[in-house]
Participant: 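Just dropping this structure here.
Sequence lines set the chain letters: A, B, ... in the order given, protein chains first and strands last, and positions in each chain run from 1. Source: prediction; values computed, not measured.
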Amino acid sequence: MESLFDLSLINSTLRMMAPLLLAGLGGAICSRVGVFNVGLDGLMLMGAFLGIAANAYTNNVWLAILIAIIGTTIFSALYGYMMIDLQANMIVTGIAMNFLSIGMTTFALRTIFDVQGAYYNNEMQGLPVWEIPVIDSIPLVGNLLSGQSPIVYLGIVCTILMYIFFKKSVAGSHFDAVGINPTAAKSQGIKVRRIQYLAVLISGILCALAGAQLSLGQVTMFSENMTAGRGFIALVATMLGQSNPIGVFLSSGLFGFTEAISIRLQGLNVPTNFTLMLPYVITILAMFIFKDKNQLSALKNSAGSSR
Amino acid sequence: MNKLKTNATLFIQPILAVIVGLLVGTIAIMLSGESVAVTYQEMWKGAFGNLYFLTNTLERAIPIILAGLGVAFAFRAGFFNLGAEGQLVMGAVTTAIITVSLPFQGLLNMIISIVAGMLIAGLYSFFAGWMEQRFQINLLISTLLLNYIAVLFAGYLVSEPFRDTSSAGGVPQTVMVDQASRLPKLITGMNLHYGFVIAIILAIVIAFIMKRTTFGYEVKMLGQNVFFAQYGGINRKKTMFISLLISGMLAGLAGSVEVLGMHYRFIEGALSNPQFAWTGLMAALLANSNPVGTTIVAIFLAALDTGSLGVERNTDVPNSISGIIQAVLILFISAKFSFEFLKQRKKEGK
Amino acid sequence: MLLELKGITKKYGDFTANDHIDFSLNKQEIHAIVGENGAGKTTLMRMLYGMEKPTSGEIVIAGKSKTIDNPNDAIALGIGMVHQHFMLFPPFTIAENVVFHHEPRKSWRYDRKKAAEEVSQLAKKFGMNIDPLQIVGDAPVGIQQRVEILKVLYQGADVIILDEPTAVLTPLEVKDLLASLRELVKMGKSIILITHKLNEVMAVSDRVTVLRDGKVTGTLETRETNPEELSRLMVGRELKNNPLPEKVKGKEVLSIKNVSMTDKDSGKSLLENISFQVQQGEIVGIAGVSGNGQSELIQAITGLASVQNGSVTLNGTELTNQSVKQIREAGLAHIPEDRYLWGAAKEASLVDNMMMTDYVKQEFQKSGVLKLKNIRKYVTDSIKKFNVKTTSIDTSAQFLSGGNLQKLIAAREIQKNTPFLLAAEPTRGVDIGAMEFIHEQLIEKRNNGDAVLLISSELSEILALSDRVLVMYEGKIAGEFERNEASEEKLSILMAGGRNE
Amino acid sequence: AEESSNGGESEASNEEAKTVAVVLTDQIGVNPFFQQISDGATKAAEETGLEVNVIESSDPTEIEQNLQVAVADGYDLILTATFDAVDALTRVAEQNPDQDFAIIDAVVDLPNVKSAEFREYEASFLLGATAGLSTQTNTVGIVLAMDVPLLDKYKVGFEEGVAHVNSEAEILSSYVGSFEDPAKAKEIALQQHANGADFIAAAAAVSDLGVFEAAAEEGFYTSGQDIDRTVNDPEHIVLSQLKNTDVVAYDFVKEYGEGEFTTGTQSFGLAEGGVGVTFVTAESESELSDFIGQETIDEVIAIKDQIISGEVEVQNPLEQE
Ligand SMILES: Nc1ncnc2c1ncn2[C@@H]1O[C@H](COP(=O)(O)OP(=O)(O)OP(=O)(O)O)[C@@H](O)[C@H]1O
Ligand SMILES: Nc1ncnc2c1ncn2[C@@H]1O[C@H](COP(=O)(O)OP(=O)(O)OP(=O)(O)O)[C@@H](O)[C@H]1O
Ligand SMILES: [Mg+2]
Ligand SMILES: [Mg+2]
């Protein structure tokens with residue numbers, strides 16, 4: 001019990017929330033332009049795989065991340081094509097994309113590395129741990145915040161950037177407009193399709209980073225289906241955060257935190273399945289406080305395409 | 001004349017989708033260096049090759065049909081029930097526990113345990129509806145989260161209080177259902193059981209309810225325009241709750257029937273890992289929530305599953321290839337391919 | 001000549017929406033376009049604005065042939081359009097909506113301060129009173145309309161297309177709008193005005209083009225024509241004049257006593273001590289600028305919202321705060337204010353739309369099972385009787401033109417043969433032929449001895465149909481007139497908050 | 001491989017090689033011992049001239065169909081594994097009393113089925129004892145996949161082993177909650193290390209890799225499962241608990257090839273060499289870590305002998321109440 005709120009808790013929370021945050025931001029930008037992205041999990045998995053595969057061949061973790069981003073973005077373009085141009089039902093497309101990326105990564109794992117289940121090799125370098133100069137020297141805070149993979153910090157930077165983008169930039173207001181009323185945006189000469197594509201591609205980049213954080217940041221390996229459903233939790237973070245970058249940050253933080261806590265609660269005399277439930281239960285409870293409005297429009301769009 | 005035309009386009013799209021899907025599959029198969037013709041032949045055989053495979057495909061379709069019907073029913077009323085998985089698991093575990101706890105066996109046991117499973121599953125989905133109605137909690141998030149909770153809770157039930165301690169393995173599962181309380185097989189020696197009959201009857205019943213009854217009308221109108229429904233005196237709360245209850249009950253029945261007809265016990269993960277609920281959801285969406293359509297699409301999706309087994313058994317094409325073909329097929333079926341679309345593209349291209 | 005459309009044809013599949021249309025616009029002219037619902041007015045303008053491409057024909061602007069592929073091209077050519085259905089972003093502010101896609105920037109940043117200033121100045125210049133920082137979704141329709149016009153002006157349009165701008169406005173707002181159109185023309189703009197209201201055409205336009213079934217049936221100098229000629233060109237026949245026969249006094253049907261309603265969140269009073277009755281064989285009209293409690297009154301009567309005080313009685317049954325279903329069973333029929341929000345399910349078939357509330361009747365169901373044969377026969381007959389133009393009763397309601405959908409709704413509610421009908425804005429956005437028809441039906445219902453409550457922001461409609469007129473202002477009844485005492489002037493004063501007698 | 005089974009008609013079967021189907025309940029990648037079974041069976045088949053075909057299932061519900069088809073395809077021996085296959089095998093074997101079956105790592109009590117069960121808890125006990133003797137912080141940990149009784153064979157054995165040699169040591173046990181989440185497994189290991197554990201056993205299937213990484217980064221010690229994992233990183237992966245499914249699969253198929261196949265249940269524990277721990281029961285390519293030391297190994301070997309002789313009794317945790 002004494003270990004429940006130890007120093008590593010914040011550290012651990014940051015690590016665990018980073019993939020959720022990045023993918024959640026990807027979901028948020030899509031939702032802001034009226035696209036309901038159920039394929040976050042598949043995009044993440046793709047990013048995780050490409051990161052490791054590229055790392056194994058290039059032996060350069062930065063190049064690996066770049067390749068993961070490029071590959072996942074191409075994959076997300078296919079996703080966008082299905083939804084935006086072929087008008088496929090967004091939820092079906094998303095679920096099918098998830099299935100597709102499980103199939104493709106597993107297939108590639110076999111054909112490229114001739115292994116099954118997991119690929120790792122000791123030579124492979126994962127992402128370094130960054131000690132942030134100033135923060136590091138502050139006594140307590142240094143311990144708490146410093147010493148994370150660059151992608152964790154990037155997640156925080158992306159949150160701020162996206163916040164500024166929507167709050168301050170002209171382009172951000174165009175993105176919002178497309179989500180609020182695509183017909184009106186179109187009637188004002190906005191290229192709605194282009195903006196929706198852009199959002200889906202950006203979500204591809206963010207999910208690639210989320211996946212890379214898993215496969216190169218948290219561990220340095222790839223295992224089949226290693227996202228373990230994190231994409232769906234990211235989707236929950238998107239919705240709970242009402243597609244607002246800060247909201248997504250807070251909700252993925254809440255999830256990372258409760259998950260970190262739930263690990264620590266396992267010492268108690270409660271069946272583990274109940275402590276594992278904690279993040280989900282807390283999230284439901286959190287919804288009593290934060291109620292969602294934004295998602296409804298994206299939802300209605302996806303509902304529309306199903307009828 | 002007009003109707004004929006729309007019917008034609010209705011068929012052309014899935015056919016086009018299947019062609020594209022198979023083409024992509026062909027590329028993948030060629031990549032893995034196998035014979036394309038043999039692979040597809042095995043796929044066909046695995047799904048429909050003989051009576052055994054055919055009935056097996058139909059068996060696999062049972063939970064997909066029922067979960068799909070459940071999802072479709074809620075969609076009709078305008079609610080996205082992403083919680084079919086949790087409801088299915090709750091139904092299954094309840095049925096498995098009740099059937100072995102009852103002091104008597106046979107038909108009555110079967111009925112009681114199935115009804116109990118359906119009720120619990122229905123209440124599970126009702127709960128999400130209640131949270132939305134009472135506290136404006138987004139149904140989409142709550143049903144999604146309730147899935148995880150249901151799976152973990154069921155896992156707890158069968159690893160602790162209701163575990164089959166008689167088996168040496170320590171597998172998290174309940175004890176076997178008594179022979180007399182199992183759903184009988186339709187054909188001896190085959191897996192297909194009476195759950196299929198139940199599923200087909202329910203598909204017809206639901207189609208009838210939706211098309212031909214006043215309640216179905218109310219549900220449909222609620223789904224199309226809440227304000228219009230209210231204006232016409234339809235009780236929104238009541239209709240919503242009943243629809244979600246029915247939706248959950250159908251998903252729960254998917255689990256109950258799978259327990260009593262196929263596994264004869266609840267085994268942790270055995271119903272959530274095969275993604276029955278998600279496949280059912282896709283079936284419902286692909287069929288525009290039409291009950292008969294959902295059934296047909298569910299059988300098709302099940303055939304892709306069982307067909308891929310055939311490929312796995314008889315060729316060196318990895319299992320994941322069939323996953324890829326399956327996903328691509330679904331993707332292209334969901335796309336709004338039509339002549340209209342092709343024409344328009346052509347025009348713009350020129 | 002500023003702009004010319006030559007032989008424009010637009011086909012949707014086999015259907016010709018515009019058939020070799022010739023049209024021209026002079027500088028500083030207001031050119032009105034009139035025509036029945038579905039005549040092709042909007043389609044023609046969408047082509048001019050680049051939202052549709054003509055199947056054939058030519059667009060000539062300032063003497064040069066142009067292709068307009070998208071709204072950007074149109075805006076670049078100085079053409080702006082105010083759409084029939086507003087093209088606004090409700091969560092954005094007025095300023096954000098006006099400057100949209102032409103935002104003042106500081107490099108990549110959105111200069112919202114400058115936007116607000118510019119919009120404020122622009123509004124002042126054209127004599128419009130708005131708060132640039134108000135959220136558009138919270139603004140009344142009149143203001144939203146102005147935002148649409150400001151948007152077009154901000155984009156620097158010289159040609160302004162207005163598609164039915166007055167359909168949703170109050171008489172006062174209409175007056176303001178028409179005045180500002182005149183102002184705009186003086187400042188050098190040219191205007192194309194689509195409307196169903198011939199009095200507006202007569203009041204404001206220089207020329208008028210009439211469309212029927214996608215063809216031009218005439219282009220006339222406004223000075224040289226009159227409403228009768230225009231309506232003949234539009235409908236292809238003379239309009240009837242429907243006299244209101246002497247009223248026969250009957251029993252009290254609807255009785256409202258001291259009804260009050262307050263907003264739950266803000267505590268604002270929405271209805272205050274409303275009392276009135278409607279008797280058999282009479283049409284009671286409620287006039288008023290929209291937003292003065294009419295919607296709340298409708299909801300209070302029909303059971304869509306609950307009241308805090310007072311009582312509503314229908315046919316002797318106490319129905320205060322009862323369910324919609326109970327009230328309907330007691331004898332209410334209701335043509336709703338907003339046909340798309342309350343009155344129909346757009347994606348549902350005509351059959352489904354037609355059956356609302358009737359599906360429970362004995363002739364259409366037996367123990368919960370619908371009698372489809374009876375239903376289809378009933379719907380087919382009603383559609384024939386009410387002259388709803390459609391290819392099939394199975395098409396979805398969204399494919400009906402506004403006027404035809406309104407006829408369907410009127411058919412549904414009038415045919416219920418209830419002792420009481422509440423008709424709210426029964427002819428909003430409907431062409432004059434359909435309007436005439438719906439008015440006939442309301443009068444017939446009255447003549448049959450039923451009670452009708454007519455709520456309309458259209459004074460001419462109120463005056464033409466009502467045996468008695470009530471005026472609503474700020475949630476209260478501000479005055480009551482018998483048919484022979486009521487006049488447009490008297491009503492207008494009360495509607496604007498003035499006092500009478 | 002498929003042609004032989006398809007082409008093989010019954011009249012010709014005497015001349016043709018006998019065929020073995022290895023039907024697995026899941027994808028090979030999910031658990032390394034599927035690979036071991038496949039390897040063991042293939043090796044024995046090669047040596048005895050049998051045809052072997054390995055059939056994976058994409059999820060455990062498909063096992064029954066795959067078994068049925070294997071019967072229909074006329075394989076002579078059908079070998080399967082794990083508890084996921086028990087129900088299906090029971091049904092299929094009852095329906096086909098003349099068909100030979102074998103199952104590894106689970107028991108099906110039928111006259112035409114040969115079963116092999118393992119007493120993993122004996123090995124876990126040794127692993128726990130080694131950990132208990134070696135720890136310097138007096139805290140050890142174990143990371144398990146899921147909270148299911150099945151894994152008590154590892155967890156309880158380990159805990160009893162630690163307690164047997166070091167009653168003071170604190171034991172941290174945690175579950176990942178998934179079989180496929182190495183990232184979370186690593187997080188858990190880091191957390192246990194932060195709470196003082198200097199040895200953390202990994203028993204979480206694929207997720208073990210996450211524990212190994214944590215050990216390499218933070219410099220604590222860990223152990224693997226099923227096969228000798230010490231070779232991957234001898235500095236940190238200092239032990240491995242062994243489950244020789246390959247030996248059993250090899251034995252079963254070899255017996256079949258040599259015509260000595262008998263049905264019934266065999267139990268494999270320390271005494272039979274079916275389970276074990278590196279350095280204690282088996283040599284390893286890697287060098288013994290100083291963290292453990294030969295002294296400790298000698299002590300544990302003594303315990304092993306006591307277990308085999310029955311002097312120390314390690315109970316099946318699933319049969320304890
Ligand atoms: N300086 C800038 N910083 C950030 N975003 C910008 C900047 N300039 C333009 N954009 C955005 O880039 C996109 C294209 O810019 P712009 O609107 O000027 O070009 P356009 O050709 O008119 O495109 P469109 O009409 O499709 O919006 C838009 O989404 C716009 O908001
Ligand atoms: N995209 C389309 N596809 C098919 N038909 C269309 C389409 N748009 C319009 N139409 C049809 O073209 C005709 C003309 O429509 P339009 O909207 O121009 O009428 P309108 O004169 O503006 O009517 P209203 O007064 O009701 O606004 C109608 O019959 C309409 O149903
Ligand atoms: Mg129009
Ligand atoms: Mg632009």
Side-chain angles (χ1 to χ4, degrees), chain A residues 36 38 42 78-79 81-83 85-93 95-111 116 224 229 232-233 235-240 271-277 279-281 283-284 287-288 291-293 295-296 299 302-303 305-307, chain B residues 28 31-33 75-76 78 80 82 128 131 135-142 144-149 151-157 159-160 223-224 275 278-279 281-286 288-289 317-337 341 345:
Chain A
F36 188 50
V38 193
L78 169 69
Y79 185 29
Y81 178 69
M82 298 304 303
M83 287 192 293
D85 281 337
L86 299 193
Q87 299 266 298
N89 179 289
M90 291 179 183
I91 294 181
V92 175
T93 316
I95 296 172
M97 287 306 279
N98 291 337
F99 285 174
L100 185 60
S101 63
I102 291 179
M104 282 171 67
T105 51
T106 310
F107 175 66
L109 198 63
R110 274 206 201 188
T111 38
Q116 293 179 351
E224 282 174 21
F232 281 94
I233 300 304
L235 187 66
V236 169
T238 301
M239 295 193 279
L240 188 61
T272 317
N273 280 25
F274 288 112
T275 59
L276 289 173
M277 250 180 238
Y280 311 105
V281 174
T283 309
I284 289 185
M287 284 197 293
F288 281 88
K291 284 166 190 164
D292 185 14
K293 286 173 202 100
Q295 193 64 27
L296 289 176
L299 190 59
S302 59
S305 60
S306 77
R307 283 193 234 273
Chain B
L31 275 178
S32 67
F75 277 165
R76 268 295 153 111
F80 266 87
L82 291 185
M131 287 199 298
F135 302 102
Q136 288 87 50
I137 284 178
N138 188 327
L139 195 71
L140 211 78
I141 319 185
S142 61
L144 203 56
L145 287 169
L146 284 171
N147 286 344
Y148 294 93
I149 295 174
V151 170
L152 285 167
F153 182 66
Y156 162 76
L157 287 180
S159 17
E160 302 278 337
Q224 304 258 8
Q275 310 267 14
W278 290 102
T279 314
L281 180 115
M282 289 199 290
L285 284 172
L286 288 174
N288 270 337
S289 313
V317 175
N319 210 327
S320 40
I321 286 272
S322 20
I324 294 176
I325 297 176
Q326 207 171 335
V328 169
L329 277 175
I330 294 166
L331 272 179
F332 282 93
I333 290 177
S334 69
K336 291 220 164 74
F337 262 126
F341 160 74
R345 287 271 96 175

Participant: List for me each residue that meets side chain to side chain donor-acceptor pair (under 3.5 Å) alongside A/T272, sequence neighbours excluded, and say none if there are none.
Facilitator: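 A/T272 satisfies side chain to side chain donor-acceptor pair (under 3.5 Å) with D/D147 only.
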Participant: Between CD1 of B/I141 and CE of A/M239, what distance do you get to the nearest 0.5 Å?
Facilitator: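 Rounded to the nearest 0.5 Å, the CD1-CE separation comes to 4.5 Å.
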Participant: Please classify the contact between A/F274 and chain B as side chain, backbone, both or neither, with a heavy-atom cut-off of under 4.5 Å.
Facilitator: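 The answer is the side chain of A/F274.
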Participant: Excluding sequence neighbours, so at least two apart, what forms side chain to side chain contact (heavy atoms under 4.5 Å, CB included) with A/F99?
Facilitator: A/I95, B/Q275, B/M282, B/A327
Participant: Can you tell me which portion of B/L144 sits under 4.5 Å from chain A's heavy atoms? Options are side chain, backbone, both or neither.
Facilitator: side chain
Participant: Would B/L146 and A/I284 satisfy side chain to side chain contact (heavy atoms under 4.5 Å, CB included), going step by step from the backbone distance to the final call?
Facilitator: CA-CA 9 Å; B/L146 284 171; A/I284 289 185; 3.9 Å; yes
Participant: Do the rings of B/W278 and A/F232 sit parallel, tilted or perpendicular, given the 30° and 60° boundaries?
Facilitator: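 Ring orientation, 0 to 90° scale: tilted.
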Participant: Within the 4.5 Å heavy-atom criterion, are A/T283 and B/Y148 side-chain neighbours or not?
Facilitator: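 In short, these two side chains do not touch, never coming nearer than 4.5 Å.
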Participant: I would like to know whether A/N273 and B/E160 meet side chain to side chain contact (heavy atoms under 4.5 Å, CB included); could you show each step before the answer?
Facilitator: CA-CA 10 Å; A/N273 280 25; B/E160 302 278 337; over 6 Å; no
Participant: I need the minimum non-hydrogen distance between A/M82 and B/L331, along with the two atoms involved.
Facilitator: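 Looking at all heavy atoms of both residues, the shortest contact is CE-O, 3.0 Å.
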Participant: Does any heavy atom of chain B fall under 4.5 Å from the side chain of A/T111, the backbone, both, or neither of them?
Facilitator: neither
Participant: Could you measure the distance from the CD1 atom of A/I91 to the CG atom of B/L140? Nearest 0.5 Å is fine.
Facilitator: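 These two atoms lie 6.0 Å from each other.
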